[in-house]
Amino acid sequence: MSLSVKDLISIADLSTKEIMTILDQADEMEKIVQSKKPSKRLAGRILATLFYEPSTRTRLSFESAMTRLGGSSISVADVGASSVAKGESLADTIRTVENYADIIVIRHPQEGSAQWASEVAKVPIINAGDGTGRHPTQTLLDLSTIRRSQGRLDNLNIAMLGDLRFGRTVHSLSYAITRFTDRLYCIAPNGLELPTEIVGDLREQGKEVIETTNLQEILPKLDVLYVTRIQKERFPTPTDYEKVRGIYQIDKTLLQHVKPTLDILHPLPRVDEISPEVDATPYARYFAQMFHGVLVRMAILTMLLEA
Ligand code: NCD
């Protein structure tokens, strides 16, 4: 089973059927992980990870996924110490790395960077975050986690909370989840609302985007609460960040009147938006997300490399 595209840059690259196939394939991958024996499915194939921004989960889960499929990974340990520091362009870096690898995963601070990379690269490019733009593989693992926990993706009451302006995970998630639901709740501090372009696109598709600052009011109806970190590194000045820092925090008191089946997701890293006391509640799904991250990335790697 392969994808109709060479690269995975945005959720828009995928049909809803392809999204469902990725999630089904990810479920299948669990057998390989449980068996503790690497599959030979991608034996001899090489993945290069090119991360110009910090990462723990995304990079390690891609490398783990490749290893579990029998392939191997290479990476630039510190991009600052590579030829990029000598002024090499992204295009030249890509043209170099494609000689060493069959597929490239890239994270870069510039919105649109993964798209440019895919235009020069002969090998598939996977966008692992382009500035404030998109983060499609995170969204696929979010969907996989929600589907596993809720048993479905359609007609769920979903709210996204936090920095909806600079957070790329919520940009991708808004487009993906509204393929299955007609309504999306957005809760953001003043000035950090979901970009008007995204809200406009969703409304044009007939979706109801409900922007509110009142979390308490909507919390009892929610099936999924997707919490995000305020993206400190994207603020023009530290003072701008200080104004909104710690503006919301999910704790046990707040969760007194929620549905018993509520799922709280977070792409991580968290700063202070979810209190650690929530970790032991039945609502916490953010650790499960990391497990789904490996499965979904195994599915994506096979589907792009076996094309
Ligand atoms: C996210 C990212 O990089 O956009 N992290 C991740 O991939 N799990 C979220 C974030 O940094 O806040």
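When a ligand or atom number is given, it counts from 1 through the structure's own listing order.
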Side-chain donor-acceptor contact under 3.5 Å, T145 with Q289
no
Can you name the residues that come within less than 4.0 Å of ligand 1, going by heavy atoms only?
T58, R107, H135, Q138, R168, T169, R229, Q231, P267, L268, P269
Within residues 161-173 or reaching into it, pairs that qualify as side chain to side chain donor-acceptor pair (under 3.5 Å) - sequence neighbours excluded
E53-R168
Applying ring pair (Phe, Tyr, Trp, His ring centres under 6.0 Å), can you list everything that pairs with Y175, at least two apart in sequence or on another chain?
none
When you measure from the centre of the six-membered ring of F51, is the NZ or CZ of R107 under 6.0 Å away and within 45° of the axis?
no
All ring pair (Phe, Tyr, Trp, His ring centres under 6.0 Å) counterparts of Y241, not counting sequence neighbours:
F235
Is there a donor-acceptor contact under 3.5 Å from the side chain of S174 to the main chain of V170?
yes
